[in-house]
Amino acid sequence: MNSYQKKLTNFKEYFVLLGCLLFSLLLIFSNRNEQLDAVKTFAIDLIGSVQARVAYFSKYAFLEQENKFLRHQNTVLALENSRMRAALQENIRLRRLIGFKEQSDYELVAAKVIGRNSSGFMNQILLDVGEKDSINKNMPIVLPDGLVGKIYRVEENFSIGHLILDQNFRVSAKVQRSSINGIIGWESERSCSFNEIPNRSDVQAGDLVVTSGYSDIFPEGIYIGKITDARDTQRDLFMNVTVKPDIDFNRLEEVLIITKYNNKDS
Amino acid sequence: MKYVKYAIIFFIVLVIDLNVIEIISIKGITPDIILIYLIFISLRETQAASTIIGFSAGLLQDLFSLSMLGLSSLTKSISCFITAFFQRAKRNYSIMHLTIVFFIITVIHDRIYQFIFLLGTDQKLFKSFLYHSVPKAIYTTIVALILNFIFGRILWDTREI
């Protein structure tokens with residue numbers, strides 16, 4: 001073995017590492033490549049069918065806790081329901097009186113959450129509905145408790161959604177009370193930041209935040225969460241505002257996807 | 001044969017990671033059981049083999065999870081490469097040694113992963129280190145020590161598996 005070969009052997013580990021790193025970087029930079037997309041689609045379809053079966057068993061681990069929660073929810077909702085019925089009647093009467101145009105209901109598709117990928121800044125869910133269920137990219141995912149996220153990738157039988165606690169998620173939102181507009185974005189695994197709100201705006205802790213409707217993706221008025229902290233900043237032009245959604249994203253089992261909606265103004 | 005066993009166990013760990021691990025999440029933090037498995041392997045194998053195993057496992061994780069392709073393969077290659085530096089002769093690992101290895105490697109892995117994933121965004125490095133990387137590393141280390149307690153005799157058997 002000559003000295004050149006000896007040197008190569010001595011640094012074998014470093015060459016292996018370099019090769020692995022280069023190949024990984026190549027993959028990172030070609031994430032939009034069609035062939036890679038096809039491989040990924042196949043893998044997601046495969047794991048989707050496995051996860052659909054495993055999810056059936058793993059959900060039993062939460063049954064007792066869920067049962068307790070549902071009994072409590074049931075009582076709360078029964079009380080709320082009676083109040084809502086009275087409010088609905090009043091609402092119908094007032095709408096007719098003022099001549100408001102009836103806002104169309106959303107068209108919703110129910111989906112089961114069969115997989116989850118979360119790591120603080122990345123929060124995605126795998127759903128058991130896809131192209132065959134008329135699901136398209138960017139459709140909003142909701143629950144009665146508020147906005148969950150949006151669809152970002154659709155396969156034939158499965159789709160992937162970005163939760164609002166995902167780093168890549170953005171939504172135009174407003175404070176319900178004062179109509180101050182901003183952009184909701186990721187802050188941590190439990191809360192969102194409400195950005196682009198100028199200092200000294202009429203925003204305070206306890207205010208409710210809803211979608212503003214300034215995009216083609218989300219209808220106006222979907223509840224996002226409650227402001228837990230709102231402070232002016234010294235160095236910046238914008239406030240530091242934190243919003244906490246009510247939804248427990250760790251316990252998502254079923255969600256609704258808005259497949260069609262009519263804007264109030266359209 | 002040894003590598004086939006590694007691969008079979010890896011797929012079991014992957015399925016647990018993708019489906020069941022949420023059950024033991026604490027405030028959204030879950031232990032990285034794939035990394036635990038790879039660290040155990042890297043403490044047994046040569047540095048070059050560990051790096052390749054880390055790369056392959058990361059690549060499969062990228063494919064079967066919903067994350068960016070290439071990201072886990074990169075972070076897992078580096079993690080396994082560094083882990084191999086902590087190897088000891090005759091696989092004589094004390095609890096303290098394992099605690100340090102698992103904690104450091106998990107923090108390094110998480111920091112590289114987050115840094116690349118959040119490139120081009122307004123990264124809150126210190127905050128995510130404190131509220132994500134450190135709790136995750138502590139949780140991962142605890143789970144790794146429990147697994148070491150259960151499977152230690154098989155893991156550190158000086159004969160090949």
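Contact count against chain A (heavy-atom pairs under 4.5 Å) is highest for B:S73 among B:A84, B:C80, B:S73. Most heavy-atom pairs under 4.5 Å with chain B, from the set A:L17, A:L25, A:L22, A:L21: that is A:L17. Put simply, of B:S133, B:S77, B:S72, the one with the most heavy-atom pairs under 4.5 Å next to chain A is B:S77.
Under the side chain to side chain donor-acceptor pair (under 3.5 Å) criterion, B:T141 pairs with no residue at all, not counting sequence neighbours. Listed by chain and residue number, A:S212 satisfy the side chain to side chain donor-acceptor pair (under 3.5 Å) test with A:S172 (two or more places apart in sequence, or in another chain).
Other residues, nucleotides and ligands place no more than 12 heavy atoms under 6.0 Å from the CZ atom of B:F149. In this structure, A:F23 places its CZ atom where only 12 or fewer heavy-atom neighbours from other residues, nucleotides or ligands lie under 6.0 Å away. More than 12 heavy atoms of other shown residues, nucleotides or ligands fall within 6.0 angstrom of atom CZ in B:F86.
When all heavy atoms are compared, the tightest approach of A:E13 to B:A48 is CG-N, 3.8 Å. Taking each heavy atom of A:S24 and B:G70 in turn, the nearest pair found is CB-O, 3.4 Å.
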Checking side chain to side chain contact (heavy atoms under 4.5 Å, CB included) for the pair B:L69/A:I28: CA distance, chi angles, key distance, verdict? CA-CA 6 Å; B:L69 202 60; A:I28 290 172; over 6 Å; no
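Atom CG of A:L27 sits about 8.0 Å away from atom CG of B:D62, to the nearest 0.5 Å.
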Check: residues 29-37 of chain B side-chain donor-acceptor pairs under 3.5 Å, at least two apart:
{"residue": "B:D32", "atom": "OD1", "partner": "B:I34", "partner atom": "N", "Å": "3.4"}
{"residue": "B:D32", "atom": "OD1", "partner": "B:L35", "partner atom": "N", "Å": "3.1"}
{"residue": "B:Y37", "atom": "OH", "partner": "B:Y6", "partner atom": "O", "Å": "2.7"}

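Relative orientation of the A:Y14 and B:F81 rings is perpendicular, given thresholds of 30° and 60° on the angle between their planes.
Of residues 49-60 of chain B, those residues with a non-hydrogen atom less than 4.5 Å from any non-hydrogen atom of chain A are, in numerical order, B:T51, B:I52, B:F55, B:L59.
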